[in-house]
Every structure is written in C-alpha cells, then in structure tokens.
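Just so it is clear, the values below take in all heavy atoms, side chains as well, and ignore hydrogens, waters and symmetry mates. This structure is a prediction, so every number in the text was calculated from the model and none was measured.
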Amino acid sequence: MSQESSLKRTHYCGDLRLTDAGTTAQLNGWVKRRRDHGGVIFADLRDRTGITQVVFDPQIDEKAHAIADAVRSEFVLNVSGTVREREPGELLLHADAAYQKDLAEGMLSPAFRSLFSDTDTKYTLSEEIEVATRVEGERWLLTDVENNRTYHIENEEAGLIIYQGTVNPELDTGEIEIAVDSLHILNTAKTPPFPVEDNIDVAEDIRMRYRFIDLRRPEMQKTLAMRHKAALAARNYMNEEGFLEIETPILMNSTPEGARDVLVPSRHYPGRFYALPQSPQQFKQILMMSGVDRYFQIARCFRDEDTRSDRQLEFTQLDIEMSFADTDDVLAVTEGLMKRIFEEAGDIPVQTPFLRLPYHESMARFGNDKPDTRFGMELTDLSDVMADCDFQVFARTLASGGQVKAIAVPGGEDFSRKDIDDLTAFVATYRAKGLAWVKVTAEGFSSGIVKFFTTEQLETAQARTGAQPGDIMFFVADKPKVVADALGYLRLHLGKKRNLIDETQYNFLWIVDYPLFEWNEEENRYEPFHHLFTGATEATLPLLDTDAGKVQSQHYDLVCNGYEICSGSVRIHQWDIQQKVFDILNITPEEVESRFGYFIDALAYGTPPHAGIAPGLDRMVMLMRNEENIREVIAFPKSQQGLCPLTHAPSVVSEDQLEELSIRVDADN
RNA sequence: GGGCUCGUGGCGCAGUUUGGUUUAGCGCGCCUGCCUGUCACGCAGGAGGUCGCGGGUUCAAGUCCCGUCGGGCCCGCCA
C-alpha cells in the first residue's frame, strides 16, 4: 500500500456511532486536546464534522502509545484502530429533583452527599467537588476532584438520575472511542494562540490574524457550511424557476452616482480607471434587453465606504432580474427563494406571503424603513395634543413645524437618573437635543415636567403609547427626521437591552410604496430616492409632469428583524419616461450621453418590461446564525479600516508597477 | 471627516483614578516529572513581560502630558 492510500480515512470524526462498534476505522484530524494518564493517553480528534475520542493504550499498541507521548494540541494525526463501545453509563442512583438546588449552587448538602456513600462507600464524595452545568436545569457534570471520579446527572421525570461511566453524553460520538493500533503524526503544530473551541473569549483582531485557526472552531465551520448551503439552495431554486446564471464583468465603468467606487487603474489607458461593480445593475438590465428573460448571479459587489458591523467593503448579493414581470412576480419569486434558503440552509420555517408595509407607515411607526417587528414600543405622534402645552420645548418645536413623538418602555419605571442620562446621550448621537420622560406609576404621572401638561394631555399620551402603570414614556421633539432617528434607534436599543426580542422569531416584511424622488433642501433639487432607473407606479405616473415629489416608485425592500436583506424595483423600460426622470433630475442630454449612452441606446431597441431584486447573502447568513457582525459570516473579512488582517492588503506596490500604470503617489498620504 | 473606547507574558484580565511596598499580580495555556478511564483529567515543580510605538514632565512613569500606530462601536457616508 502506498503511503497515500494508507492514510485514506474511512470516516469523518463526527461519523461513528455505537452501531459501528467492533469494526475498524481510520480517521484524519486535528488534536483538540490530549489527556495523558501515564498508562493511557486520550486525545480528542477533530475535523469539520465533529470530534471522536481516540485512546492510545500500550496494551493495544505500544508503538502508537509511545508516539502519542509527543502529540500536542492541533497536531495533525492519522489514526486507525477498532471502534470500541465505551462503558455504558452505569446507573448509580436516583435522587429527588429537590437536589437540583444543590447542583445549581455547586454546594452539595450533607443529605445529597450521603446519597452517594449510602449507595456504596467507594462513592463517598470528597470535599473538593466541582459541578458543571451542561444544560440549565437538565444536565450536570459532577467531578469529585480528589477521588478523580466523574458523575453524569440528568433531570428526568422521575427525578435526578446519577450515573457513572465513560460515556460522554456531550459528544455525538460519545458512546464509542477508537482503540488505536496505528498512529501517524502527519504534522506537528505550534501551540495555538487560542484554543480551538466555541465560546472563546479572544479579541477579534487576534482571531483574524490567525483566521486559519479560528475557522477550525465548530461554530465557524457551521457558518461556512451554512453559507454554502444557502448559496446552493439559491442556485437550485433559481434554476428550477427558469433563471440562467450569467457572469457580468468585475472590471467596469465608474458610476458617479451612489457609493464611492473601488477603482482599478488601466495600464493601456493612462489616467483611466476601471471600477469594481457596486452591483451588476446596468449589466443585468442589459441582459433583459438581450432576451435572457430570467437572470441571476451570486455576485460580489464593492462599495468603498466606511464599514459598520453589518457592512463590508466587498459583499455578496444574489442578483436577480426578470422580464415581463411586475412587482407581484418579483415578490413571489423572492418569497419562494427566502423560504427555500431559510428552510434548507437554516432549518428555519418561513411563512409566505410576507406582509407589505407602506414606506410612510413604517417611518411613522418605527422611525425607519427597516423595522424590527419582533417587539412593540412603536412610535406615536403627539404633535396635535402637545401644540398648546406649557412645556416650551414641545410648544416651540411644534410652532416651527417640528414634531413630538413618544414611545412607552414596559417596566421602565425602574430607570434611574443615570439610566436616563445615558439614554439622553444615546439619542444625542442622532442629533436629538433632549429626551423628555414621564413615568406612569400606580399613583399617577411622575416627572419633573408633569406640571407643564394637562392631565388630559398626559392621558392621551398614555393611551396612544399604550403605557401601563410601571412603564416610562420617552418623548422627542424636533424635526421629523431627528425624531424618527432618535426614537427609532432608542426603540431598538431598549428592545435589545430589555430583552423584549424573541430571538427565535423571523419577521419578514416588505416595505413598499416608496417615493420616487427625494427633495434635497441644501441643493434645492430632486434626487432619486433609490436609483435612476426605478419605475413609477402607473397610478402616480402622470404626476411626473405636475408634482414629482408625490410620484410613487415601484421599489420594494425586504426586511427581516431590523435588517434590509433585499432591495429591488420594477425598472423603467420606456425611453420617454426615462427622459422625464432625467429632466426632473436636471441631467443634461450631454451628461446622459456620456454617462449612460450605451444604456439609453439599448433601451430604444426593444426593451421588455423588467424588474429585479438583490438579496444580500451575508445578511441572510447573519440572520440565520443570529450574528450581529458581518465579519462572523465571511471567511476572510476586512477590518473596519479596510485592511485584510491576514494578508495585510492593500499593499505598497513597486515603482515599476506604478510606472507601468503612469501613477505617481503623493507620499504625504 | 468626526465622537467614544480599548491596547499590560501565548490568551483573557487586575493594577493607571491620587506617579514611589509590585521584584508588575491573577486565571487559562505552555514546559518538565508522576499518574491506566479521562473528556475543562489530576498532582508536583518550572519558564515566560521593550506595560502598542515615539517624545516629554519628574529624583522616579504601566500610571501624568503631547504625538503616533493598531483594533472595535457609532455619527457622517452607504442611489
């Protein structure tokens, strides 16, 4: 047998079960931990599927045992041997469920101790006892440190069941082990900077610097596998629905609209640059003009803007476009896609169709267009009742065209002065100048500002916010945008902080009926609310000529648990309407020609009505994995400053390379 | 572009407020030895630190000041 074939594994480390006992098996993997008992050595062998305990016993193979002496964490091993049943958990005794308290507190009562010694004096517990809770209220591991003995305790209907044995109920493979008769150390390893296990407390930059070790952790392997499954589910679904996967260029033209482009210098054309796609928007529309009918692509997109915990310089979208389709068609396909991905990759049941919420209603009730609807605390408008109140902050704001809105926080009566100060600082980041509050107590309203309001005003506030005795009402008075931001983010902040959110819930929600244009106060002109090629609803199309601000677009966003996960629209496919949009936006024919010439030209050669959408893969995986940080679901993410912690990209290039590109670097920057 | 925050053995932290009894401490990990049933093994012993970097104040700086680099969160930005 060649070396290569002799190392071929028969199973993955997570595969073996009791039914395999008696057979032989060969495993490859990394050593999670080695436990040397002098006479016998245990090691937990890990690969991406799980862990199997391997035993090096000199009575089985003296040579393997001798080699195992040198084995350390993260060594790469090949082992073969017999799959052996572990000693089953020997039932030791039953105990009353009342002893749960002993276990929870880790302080064993004399009565609990005597249970052990009454069974058999050899089980007498020493003074040094460690209790580890495996599952709260259900399973514990009790270790008698001095006697070096371990007991598994389970809470079942009959009470606590205590057993002793070598089965490890924590491992899927815990009923067997491998009695090793042959060991090859395939490679040694330096001591890892942190242990390869879940729930480690290690700074993110350390994890990123050693990402190849970090990714070995079971949770990370799970994420990588889920990401793969999500992409696979999407591909299969789109294929079944008749979509063609087509690649579009990574090197394309810079578009001055929108986010900053990531630029790539051209060697053939000094001073000219390619841009990496912010999305394949124009190409996918051209594919519709090209008769492709239904297109999709798992597309890498690039936006050179500062990152956030849910934003990266490069990210992945499931880019979709379909011809002869309207809003309902796109939403239906997307709902099916979400159902398929979340159920297949995340094992998360999804009910379709999704609710549709008009943009203005979302803004009014939640302060933004990506509401987390897993909890209440909705925003309520009090502008009408507060207009003639004696609280000058409110009255003056309202007199100058502002707004007063409020939310009620359940159980917020216990907020201290400092809590409220902290929350005031929190809303200040959204430019709110203050945060007024009134507590609702059993005795009535309580706050320094109660005297400025009539009872009727406060009762109306209570009725509208739904505040109950024991709650607190927070008010913000300002320009509508500030009120929406401040209270919207305060709602989210408190929802998380006060544990009002059911983490197991997935609330999918369409946001629809967006305006087509947004008025830019400073520059005194309209701007596209989304992009230049978004179509208008048929009903509001005539307003293009009369009142552009009131035109509704055929744009839609899909929101889940506070994250925008898809964004799309029915596109403009008629030249005359596109022209009107350019006119309203004051884009001159010369500009149109130079920026979108090819696109406008194509539009005139028989463009079918078409519509599309782009679900964000990263955010979907974040949601399914319950992660709040996008870096957790990307194999090799960049830091907040856009650096690759592993390769240190971007890097300085040679003078020769720069010269070829006709680029001179300003050394001061 | 801006605000906040962190940086102390391999990792996680304490010490910095008010400069000096701290020889910079603790837990984990690591190394050596012992141990045949552990799975967070145990026991005994041991090694390991330019306190991010540079400058300054001072008799004296991990601690105070200035600058700088790096990580994170957020605002702006992200059609």
Side-chain angles (χ1 to χ4, degrees), chain A residues 32-45 51-60 65 72-73 84 86-87 126 128 130 132 134 141 143-150 152 164-171 173-174 177 179 190-195 197 199-210 213 255-261 278-279 281 301-313 315 425-431 485-486 489 493 514 516-518 520 527-534 553 555 564 567 569 585 628-629 631 639-641 643 645 648:
Chain A
K32 185 193 173 202
R33 186 174 269 112
R34 187 189 72 126
R35 292 177 294 279
D36 184 350
H37 286 252
V40 64
I41 298 172
F42 300 97
D44 296 329
L45 202 63
I51 288 171
T52 297
Q53 171 166 282
V54 298
V55 187
F56 303 101
D57 187 333
Q59 287 178 356
I60 291 166
H65 178 263
R72 293 293 181 274
S73 290
R84 193 164 70 180
R86 297 211 204 176
E87 271 181 53
S126 74
E128 223 181 316
E130 277 177 21
R134 296 310 198 184
L141 196 68
T143 308
D144 183 334
V145 178
E146 207 175 305
N147 292 325
N148 211 356
R149 204 174 276 138
T150 302
H152 301 288
Q164 203 222 354
T166 59
V167 168
N168 183 349
E170 303 308 310
L171 288 182
T173 61
E177 63 193 5
K190 285 161 68 172
T191 303
F194 48 84
E197 61 194 28
N199 304 315
I200 51 170
D201 187 14
V202 181
E204 198 185 315
D205 56 328
I206 306 284
R207 287 176 51 207
M208 290 303 171
R209 203 176 313 150
Y210 298 95
I213 296 171
T255 48
E257 300 282 320
R260 199 175 289 121
D261 284 314
Q278 294 183 25
S279 89
Q281 183 65 35
C301 303
F302 304 84
R303 290 179 194 173
D304 190 8
E305 296 293 346
D306 287 351
T307 60
R308 287 287 188 282
S309 52
D310 63 346
R311 283 181 356 208
Q312 277 273 303
L313 209 61
F315 56 99
F426 177 82
V427 296
T429 60
Y430 304 98
R431 273 165 307 287
D485 278 346
Y489 283 105
H493 177 70
Y514 281 88
L516 189 59
F517 302 109
E518 191 173 28
N520 184 323
E527 287 178 343
F529 200 90
H530 289 100
H531 63 65
L532 290 168
F533 314 111
T534 308
S553 75
H555 182 97
E564 178 201 303
S567 200
S569 62
L585 297 170
E628 295 207 335
N629 193 318
R631 280 174 249 115
S639 79
Q640 200 169 38
Q641 314 302 324
L643 286 170
H648 301 115

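- Atom CD of E305(A) sits in a crowded spot, with more than 12 heavy atoms from other residues, nucleotides or ligands closer than 6.0 Å.
- For N629(A) and G72(B), the shortest distance from a side-chain N or O to OP1 or OP2 is not below 4.0 Å.
- Not a single donor-acceptor contact under 3.5 angstrom links the side-chain atoms of R303(A) to the base of C78(B).
- The side chain of R308(A) contributes no N or O atom lying less than 4.0 Å from OP1 or OP2 of G72(B).
- The side chain of R631(A) places an N or O atom within less than 4.0 Å of a non-bridging phosphate oxygen (OP1 or OP2) of C73(B).
- Taking the C1' atom of each, G52(B) and G70(B) are spaced 8 Å apart, rounded to whole Å.
- Within 4.0 Å of E518(A), counting heavy atoms only, lies no atom of the nucleic acid at all.
- Searching all strands for a Watson-Crick or G-U wobble partner of G7(B) with both distances below 3.5 Å returns C69(B).
- Distance K32(A) NZ to C39(B) C1': 8 Å, rounded to the nearest Å.
- Here, G25(B) and C51(B) have their C1' atoms 13 Å apart, quoted to the whole Å.
- A salt bridge links R631(A) to E204(A): one of the charged nitrogens lies within less than 4.0 Å of a carboxylate oxygen.
- Contact of R311(A) with C77(B) (side chain to base): a donor-acceptor pair of N or O atoms is detected under 3.5 Å.
- One cannot find a donor-acceptor pair under 3.5 Å joining the base of G72(B) and the side-chain atoms of Q641(A).
- Contact annotation: R207(A) side-chain N/O to G71(B) OP1/OP2 distance is not under 4.0 Å.
- Contact between the side-chain N/O atoms of R35(A) and the OP1/OP2 oxygens of C41(B) is found at a separation under 4.0 Å.
- Computed from coordinates, the N168(A) CG to U38(B) C1' distance equals 10 Å when rounded to whole Å.
- Projected onto RNA chain B by closest heavy-atom contact, S639(A) and Y489(A) fall at different nucleotides, the more 5' of which corresponds to S639(A).
- Residue F194(A) and nucleotide C11(B) are not classified as a stacked aromatic pair, given the requirement of ring centres less than 5.5 Å apart at an interplanar angle below 30°.
- Checked for salt-bridge contact, R35(A) and D44(A) meet the test: a charged N lies under 4.0 Å from a carboxylate O.
- Residue L532(A) is out of contact with every strand shown, counting any heavy-atom pair closer than 4.0 Å.
- Aromatic ring centres of F426(A) and H493(A) lie closer together than 6.0 Å.
- Remark: the separation of the P atoms in A14(B) and U8(B) is 11 Å, to the nearest Å.
- At the heavy-atom level, S309(A) lies under 4.0 Å from the strands shown only through sugar-phosphate atoms.
- Across all strands shown, C35(B) has no partner, as no Watson-Crick or G-U wobble contact with both distances under 3.5 Å is found.
- Here I41(A) lies out of heavy-atom contact (under 4.0 Å) with every strand.
- Atom C1' of nucleotide G37(B) and atom CG of D44(A) are separated by 13 Å, given to the nearest angstrom.
- Comparing D485(A) and Q59(A) along RNA chain B, the residue whose closest nucleotide (by nearest heavy atom) sits nearer the 5' end is Q59(A).
- Counting to the nearest Å, the C1' atom of C74(B) and the CG atom of D306(A) are 11 Å from each other.
- Taking the P atom of each, G3(B) and G76(B) are spaced 15 Å apart, rounded to whole Å.
- Salt-bridge check for R34(A) with D36(A): passed, with a basic side-chain N closer than 4.0 Å to an acidic carboxylate O.
- The base of G2(B) does not come close enough to the side chain of R431(A) for any donor and acceptor atom to sit less than 3.5 Å apart.
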